[in-house]
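One structure is given below, encoded as structure tokens.
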Amino acid sequence: MKSSKKSKIEKLVDEQVKIISRGMEEILPLEDFEKKIKKSIEQNKPLKIKFGVDPTSPDLHLGHAVILHKLKQFQDFGHIVILLIGDYTARVGDPSGRSVTRPQLSPKKIEKNAKTYTDQAFKILDPKKTRIDYNSRWFSKMNFNDLLKLTSKFTIARLLERDDFSIRYQKGTPIFLHEFLYPVMQGYDSVALKSDVEIGGTDQKFNMLAGRSLQIDFGQDPQVVITMPILEGIDGVQRMSKSLGNYIGLTEPAKEMFGKVMSIPDELMIRYFNLATNLEEDEVKKIEKGLNDGTLHPAEVKRRLGREIVTLYYDRKTALEAQAEFDRVFKEKKLPSEIPEFKVPREIFKNSKVWVVRLLVTIGFAKSNSNARRLIEQGGVKINNKIIKSPELELKIKENDIIQVGKRKFARLVISH
RNA sequence: GGGGGGGUGCCCGAGUGGCCAAUGGGAGCGGGCUGUAAACCCGCCGGCGUAUGCCUACAGGGGUUCAAAUCCUCUCCCCCCCA
């Protein structure tokens, strides 16, 4: 009797651990994780899963979604997710990319960003099992004494272990003192929240482990650290990020999403299936096999990937429409079904004609006259599907003329009076 | 506090008096090939309405010179070594 009950709990533990383990990079340490899950089941008490959020760039993309999906799995098991808005740490600035001096964000702006962030996150997360907190809640009350106490728990050598610090140190790029404090602060967040698990990208490993050691110092049961792989952006090389411009945003229109997926390198497809869709492992294995033995055409597989991803954020129907639109524009080279309108102001007309270069700049398809000239000289500009050959051209434009730059920029002209 | 080395275009990085709007690579952009994939090939990559022309640019100010990214000087910033 007693033993069968115990094994039932163990089965539950195994199940949770198995699902959570899928697609993650590391669980540190695994034994602690099993213990925590077990305790949670036995006492029927959900675990607190912490995820730190930077309110400076509120646009979420598929890279963030990797973690959000994992958090959702925790929620499905009944655990509580804490989205910790790093409003206070945002003022410190992330240690990476020191050349960019971040503008100080006003509390209002931070609040707005946080709202945008959580709205997007709830495309995946269950709001009922999510708590939102702000780390200014504890940091703004701290004094210098508290800070000293905290910092005395870390050594420089330990901080220098961290990858990006040691690289910068070796390269001779400056590391500022306040940047050193970043892991300390993130670590203290875990203490303040008494978190059971912290989850983040592999780049956050050090900071999250700092949380563990601080919690021990504060006499708490240390959190388990789960690191998730960092998804490459659509360039296939660098991590997906807004500033690198290689991202697929969660709120992007379905057509954009689909199109961007189609432009990722083939080698990345399986990784995207694993990290950015909900397909079962076995299914992904099948696809991988098909690709390898040539029974599946890569282009077809990529279309499927596009559909899966769009379906996740919209629905099946929208995904199919996005695919149809893609075929229409890029396979059949037809005009998109919807073309954004641009008002052509009267001032740029001269004797009822418009200089092409000026037109391109006015509607924002070229950064400068020189840029517009180059585009034309290189044959990248079409009006009503006819290539413009001379940058000197003055043209008579009519309502609804279609201007195209490159393969994907279209505009329908509207003449304002 | 003392000594040394640096700051160049989106990034890396050459250039140490004229031939420098500044070699090269990366990123980006346009074209070709294709499956808007990758790889590859060609071209562009400060601005100015039409220019063997002008303007703005090599951390910032001042100066030398017919001529400066390059020399001098002051200021600011970064790195290293010693204390």
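So you know, we letter chains A, B, ... as the sequences are listed, proteins then strands, and number each from 1.
To the nearest whole angstrom, the two P atoms, one in B/C29 and one in B/A14, are 27 Å apart. Here, B/C44 and B/G25 have their P atoms 13 Å apart, quoted to the whole Å. For the P atoms, the distance linking B/C48 with B/U56 amounts to 15 Å, nearest Å. Separation of the P atoms belonging to B/G3 and B/U75 is 15 Å when rounded to the nearest angstrom.
The interatomic distance linking A/D266 (CG) with B/U36 (C1') rounds to 12 Å, in whole Å. Nucleotide B/A38 holds its C1' atom 11 Å from the CE atom of A/M269, rounded to whole Å. For the pair A/I264 CD1 and B/U34 C1', the computed distance is 17 Å after rounding to whole Å. Residue A/D235 contributes atom CG, which lies 18 Å from atom P of B/C11 at whole-angstrom precision. Atom C1' of nucleotide B/C29 and atom CD1 of A/I376 are separated by 14 Å, given to the nearest angstrom. One can place CG of A/L375 at 9 Å from P of B/G31, the figure rounded to the nearest angstrom. Going from atom NE2 of A/H297 over to atom C1' of B/A38 covers 13 Å, rounded to whole Å.
Side-chain atoms of A/Q186 and A/T89 form no donor-acceptor pair, as typed in the model, at a separation below 3.5 Å. For the 3.5 Å distance criterion, the side chains of A/N246 and A/S241 fail to qualify, holding no donor opposite an acceptor.
Annotation: cation-pi geometry satisfied between A/K123 and A/Y314 (NZ/CZ under 6.0 angstrom from ring centroid, within 45° of ring axis). A cation-pi arrangement is absent between A/K194 and A/F218, since the terminal nitrogen or guanidinium carbon is not both under 6.0 Å from the aromatic centre and inside a 45° cone about the axis.
Ring centroid separation for the pair A/F180 and A/F165 comes in under the 6.0 Å cut-off.
Partner assigned to B/G43 is B/C29, using Watson-Crick or G-U wobble distances below 3.5 angstrom.
At a threshold of 4.0 angstrom between heavy atoms, the contacts of A/P391 with the nucleic acid are absent. At a threshold of 4.0 angstrom between heavy atoms, the contacts of A/R408 include nucleobase atoms, whether or not backbone atoms are also involved. Among the heavy atoms of the strands lying under 4.0 Å from A/K331 are primed sugar atoms or P, OP1, OP2 only; no base atom is included. Note on A/E394: a base of the nucleic acid sits closer than 4.0 angstrom, heavy atoms only. Nucleic acid contact for A/G259: base, since at least one base atom lies under 4.0 Å from a heavy atom of the residue.
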Within the sub-3.5 Å range, which N or O atoms of nucleotides 44-47 of chain B have a protein N or O partner, and how far apart are they?
unit_1	atom_1	unit_2	atom_2	d
B/C44	O4'	A/Q378	OE1	3.1
B/G47	OP1	A/S368	OG	2.9
B/G47	OP2	A/R374	NH2	2.3

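With B/C80, B/A38, B/G35 as the candidates, the nucleotide lying closest to the side chain of A/P265 is B/A38. Between B/A38, B/U36, B/U50, one nucleotide has an atom nearer to the side chain of A/R373 than all others, and that is B/U50. Among the nucleotides B/C80, B/U34, B/G35, the one closest to the side chain of A/K407 is B/U34.
Tested against A/E392 for a salt bridge (Lys or Arg N to Asp or Glu O under 4.0 Å), the candidates A/K353, A/R373, A/R358 yield a single pass: A/R373.
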